[in-house]
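This one's a predicted model, so the numbers in the text were calculated from it and none came from an experiment.
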Amino acid sequence: MSDLDPIIHAQARLRVVATLSALGDGDRIAFPRLQELLAMTPGNLSVHLRKLEDAGYVEVSKTHRGRTPATLIRLSRRGRLAFDEYTETIRTLLDPTSSKEQS
């Protein structure tokens with residue numbers, strides 16, 4: 001059994017990754033909307049996004065909507081795979097017999 005990914009395992013980052021995983025592949029969410037959904041301060045969300053971005057789990061792009069700057073976030077392919085592995089590890093921890101039955 002593998003260990004839980006420490007990048008994802010922090011509560012705030014787990015919430016971020018779980019929220020982003022609900023988006024379709026390639027879909028992006030605006031920073032203010034993500035902040036609203038997670039009820040996080042801009043500074044707190046930024047710190048956790050930076051950690052996830054440094055790990056290659058999220059992609060942050062800065063653009064403009066008209067003259068207004070916009071920050072868009074998406075879960076990367078690597079992030080989606082890491083989250084899938086993380087959730088599988090959790091399932092195995094919660095019900096070790098289920099992974100033995102599947103083998």
Side-chain angles (χ1 to χ4, degrees):
M1 177 177 66
S2 62
D3 294 328
L4 291 172
D5 185 328
I7 301 294
I8 295 176
H9 192 62
Q11 180 186 18
R13 289 191 296 272
L14 176 57
R15 291 174 56 223
V16 169
V17 173
T19 301
L20 294 175
S21 74
L23 299 174
D25 278 341
D27 287 347
R28 298 174 188 273
I29 188 168
F31 183 94
R33 180 64 178 139
L34 183 60
Q35 178 191 346
E36 178 186 353
L37 288 172
L38 298 173
M40 294 174 76
T41 65
N44 193 18
L45 180 55
S46 292
V47 166
H48 291 294
L49 284 173
R50 173 69 63 180
K51 185 92 169 173
L52 290 164
E53 187 179 25
D54 289 347
Y57 291 177
V58 299
E59 295 173 1
V60 178
S61 58
K62 299 194 184 267
T63 186
H64 285 82
R65 291 186 175 160
R67 293 185 178 198
T68 307
T71 301
L72 303 174
I73 300 112
R74 73 182 281 271
L75 193 60
S76 69
R77 180 182 169 114
R78 180 177 179 181
R80 197 168 293 278
L81 291 171
F83 185 64
D84 289 346
E85 289 174 12
Y86 180 89
T87 55
E88 184 58 36
T89 301
I90 290 289
R91 283 188 189 98
T92 301
L93 287 170
L94 294 174
D95 186 7
T97 60
S98 69
S99 65
K100 290 178 185 173
E101 292 171 4
Q102 294 175 0
S103 299

Show me, pair by pair, the donor-acceptor contacts under 3.5 angstrom made by side chains of residues 30-49, not counting sequence neighbours?
residue, atom, partner, partner atom, Å
Arg33, NH1, Glu36, OE1, 3.4
Arg33, NH1, Glu36, OE2, 3.4
Gln35, NE2, Met40, O, 3.3
Thr41, OG1, Asn44, N, 3.1
Asn44, OD1, His48, NE2, 3.1
Ser46, OG, Pro42, O, 2.9
His48, ND1, Arg13, NH1, 3.3

* Asked: Roughly how far apart are Thr19 OG1 and Leu75 CG, rounded to 0.5 Å?
  -> 10.5 Å

* Val16 and Tyr57: side chain to side chain contact (heavy atoms under 4.5 Å, CB included), yes or no, with the steps? -> CA-CA 11 Å; Val16 169; Tyr57 291 177; over 6 Å; no

* Asked: Residues two or more places apart in sequence or in another chain: which of them pass salt bridge (charged side-chain N to carboxylate O under 4.0 Å, His left out) with Arg78?
  -> none

* **Residues in side-chain contact (heavy atoms from CB on, under 4.5 Å) contact with Thr63, at least two apart in sequence or another chain** => Ala70, Leu72

* Rounded distance [0.5 Å steps], CG in Leu14 versus CD1 in Ile90 -> 8.0 Å

* How about Leu93 and Leu4: do any of their side-chain heavy atoms sit closer than 4.5 Å? -> yes

* Can you tell me how far NZ of Lys62 sits from CD1 of Ile73, rounded to the nearest 0.5 angstrom? -> 8.0 Å

* Working for side chain to side chain contact (heavy atoms under 4.5 Å, CB included), residues Val17 and Tyr86 -> CA-CA 11 Å; Val17 173; Tyr86 180 89; over 6 Å; no

* Structure fact -> Shortest non-hydrogen pair, Ser76 vs Gly56, comes out as OG-O, 2.5 Å

* To do: Quick one: do Asp25 and Arg80 satisfy side chain to side chain contact (heavy atoms under 4.5 Å, CB included)? Show the steps, please.
  => CA-CA 9 Å; Asp25 278 341; Arg80 197 168 293 278; 2.8 Å; yes

* Trace of the side chain to side chain contact (heavy atoms under 4.5 Å, CB included) decision for Leu23 with Arg28 -> CA-CA 7 Å; Leu23 299 174; Arg28 298 174 188 273; 5.9 Å; no

